[in-house]
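The structure appears right after this line, and notes come after that.
So that the names make sense, note that chain A is the first sequence line, chain B the second, and so on, each numbered from 1.
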Amino acid sequence: MNLKTITYDDDITRKFVGASILWGIVGMLVGVIIALQLAFWQANVGPYLSFGRLRPLHTNAVIFAFVGNMMFAGIYYSTQRLTKARLASDWLSRIHFWGWQAIIVAAAVTLPLGATQGKEYAELEWPIDLAIAAIWLVFATNFFLTLKRRNEQHLYVALWFYIATIVTVTVLHVVNSLSIPVGPLKSYSVFGGVQDALVQWWYGHNAVAFFLTTPILGIMYYFLPKAAERPVFSYRLSIIHFWSLVFLYIWAGPHHLLNTALPDWAQTLGMVFSLMLIAPSWGGMLNGLLTLRGAWDKLREDPVLKFFAAGVTFYGMATFEGPMLSIKGVSGLAHYTDWIVAHVHAGALGWNGFMAAGMFYWLVPRLYGTKLFSRSAANFHFYIGTFGILLYVISMWVAGVTQGLMWRAENETGGLLYPSFIETLLAIKAMYWMRLIGGTLYLVGFIVLAWNLWRTARSGQPVDGTVEVATAAFEDDATEVSVLLGRPVIVTLLLGGAVLATAALDRVGATVVLVAVALIAIIMGALSYERANDAAPSAPAWHRLVEGKGISFTTLTIIAVLIGGVAEIVPSVVAGGDKLRSTSNKPYSGLELEGRDVFLKEGCYNCHSQMIRPFTWETARYGEVSSEDDSIFDHPFQWGSKRTGPDLARVGGRYSNLWHYKHMLDPREISPGSNMPSYAHLAGALVDFDATADKLRAMRTVGVPYKPEQIATAKRDARQAGAAIAAALKVEGGVEVAADSELVALVAYLQRLGRVPADAPAQPGTPAIEVAATHGQERSGE
Amino acid sequence: MKWIVSDFFARSPALLGPTLALLLFVVVFTATAVHAFRTQKAEHDRMARLPLGEDERHD
């Protein structure tokens, strides 16, 4: 056994901590601004700072900039200690850091400019997506090379969660970002309609799972024991916690699409797996809280433990509420309302924000070889932050339930009690102000953290941890291959494969019987092979070997994650081709497609859904239930996730062009009380029809059946259609507007929603309003 | 039994994949749980103490 001295790279941790705090303030400040905009529409200042463009900036900033940098800080710090090895490459660490900050800056510039893919939490355009993939690869390389050169054989449970984070985020990001570029900052998703919905929420939900949860769980498993100065409550539980969580989480995405046009089987699947998630989530939560056993008295004095205890508690609350919201009936009430906003922020502010604060308060004094500057300021941060969260969450709960109940309320004749959507908005206005106060208090607390840690850093000097490490050979001599091809894996795969093969050959009923038989066989087999080596009873169990093998562990994690993704998404993608061939829908005209791009650019999907659910109160308000066919050519889909304004799935033909024009110029002139920003700037902004043909060509590449002659005449057709709408506006209201105005294109798009052009080809220049309606029906006014 | 099966898969034959995956999960979960609780507590204690077992200096 040799001893060697290892000096950890703590400078990279300091950098990521600083970046996280800085971007945290920016992201939360933008959050406060958009909260103000919802309560006070006048706060929408100009096109670049309107709600639709700032909301993606807020979500991206707090998720990828604040939590992302925090996560990297925690992972780099703890991984070095748990592997007893310095990070593999200082260069890779620096490329990772500066590359990630460059990506954040690119996001902060492009999102207000309206460069967006129109997919929530995945708005960034293709060049930035490529940069994210490259920098993530740098991070992964640095991490896995560090594991390779480790001086501690066992991979502690925190590292498992980091591994799951790295591999799963890679898969999610690559698949969901697949798109066809049509310009430097414009692309169309290769997925459309229901497929895109499934892929997007598989990504979106698992961004929560594997970006906001698993890395923070890893951080919890490292930093909570450190702060409490006692080992994790149950290492056994952590093993079960890990495998259950990574296997189950990946399936839960469809719970964001309950009661929509998503196939029923996929909805049920999402609901069932979401409910099952309570078990591992609470297992982890209890493991965290019970780590504090015997140390509860420290909570009174130690702000670090206060934040950790509250953070884990909020995790427990959010992971109870999430599965409850995933029940179809509950979702019917809560979806599209502010209840979901409350749920998200209980997790984001309580779990992510407080775990970050706890980690920073523990870490920064150690990174600078000093003590925390002000414990009382940290305690103040805790209390004002907690109060802020409560104000925020309670106000959004009240707002959400109010909205949900008002949307469905019936009068004595069976009609809508609140037929005007504006009524339901005005009813919750006070809650929007309360949310603003809650969010502001939380931000104030975070600024206090920044000040406190700044003073802490200034009172000390940057120091790097050094440790003497014994570099003995690892205990077991099993190879990665022998572990990966261990008998438990082989037996499970063989039996599973046999069952799968039977499914392809036999009737479904017979298959299920076989599955039941095989299940028993698999369990018995797995149990009997639990020991790695029957000949040597004292040899470590197979899983124990896996815990010491990075490649094997990573491979098994990838398999566990991919099973869910493949089984859930592949059937939908395979069936997509048949649906495209059999649809009665027709692609958007060039002008409508341009209008759709304006819709995306302005972030309209942040407030308006395009999905009428199968409820009487929805059909009474918005029209016929949405079908898969309605959005089959939508790349990306625009079903939305929140209704600050009414659903637009069948708004086409409901109002005149002039109504839309005036509504965009001054929403309150048409709908008094509306909090929608003014889009007057669109009247003067011009569409580049030279690019229209390229857009149609790109859409054709992803499966939209544009004919070559449509593409060839796209520019002329779009201009003529625009001129017809402009002329109609002049006749209707004396409005002077250019044929290639973005507002004209947007009107064309809105007039198309929910309607399919008549079989006879429309004459060039036919106003969208004259297109035959096939779905619309009379609805009550809004 | 036959009715239950046909009703279950009437929603989509694609449910077969998730069903098999769920069975696989049950297997892995059971095996992992059995492994975790068969292993001696003392063996886990060393792992659990890994974050605490540092003798770190700050230079």
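If you tally non-hydrogen atom pairs under 4.5 Å between each of A:Leu248, A:Val232, A:Ile563, A:Val157 and chain B, the highest count goes to A:Leu248. Residue with the most contacts toward chain B among A:Leu367, A:Ile6, A:Val469, A:Ile239: A:Ile239 (heavy-atom pairs, distance under 4.5 Å). Comparing A:Phe223, A:Trp251, A:Phe247 by heavy-atom pairs within less than 4.5 Å of chain B, the highest count is held by A:Phe247. Ranking A:Val272, A:Ile240, A:Leu155, A:Val566 against chain B, the residue ahead of the rest is A:Ile240, based on heavy-atom pairs under 4.5 Å.
Heavy-atom distances place no part of A:Gln461 under 4.5 Å from chain B, backbone and side chain included. The part of A:Thr5 that comes within reach of chain B is its side chain, from C-beta onward, which places non-hydrogen atoms under 4.5 angstrom from that chain.
Looking at A:Glu152 and B:Arg49, no side-chain N of the basic residue comes within less than 4.0 Å of a carboxylate O on the acidic one, giving no salt bridge. Taking the charged nitrogens against the carboxylate oxygens, A:Asp10 and A:Arg86 have no contact shorter than 4.0 Å, which rules out a salt bridge.
Between A:His241 and A:Tyr235, the distance from one ring center to the other does not fall under 6.0 angstrom. The six-membered or imidazole ring of A:Phe553 lies near that of A:Phe242, with a centre-to-centre distance under 6.0 Å.
In this pair, A:Trp362 and A:Tyr222 present their aromatic rings perpendicular. The plane angle is above 60°, beyond the 30 to 60° band.
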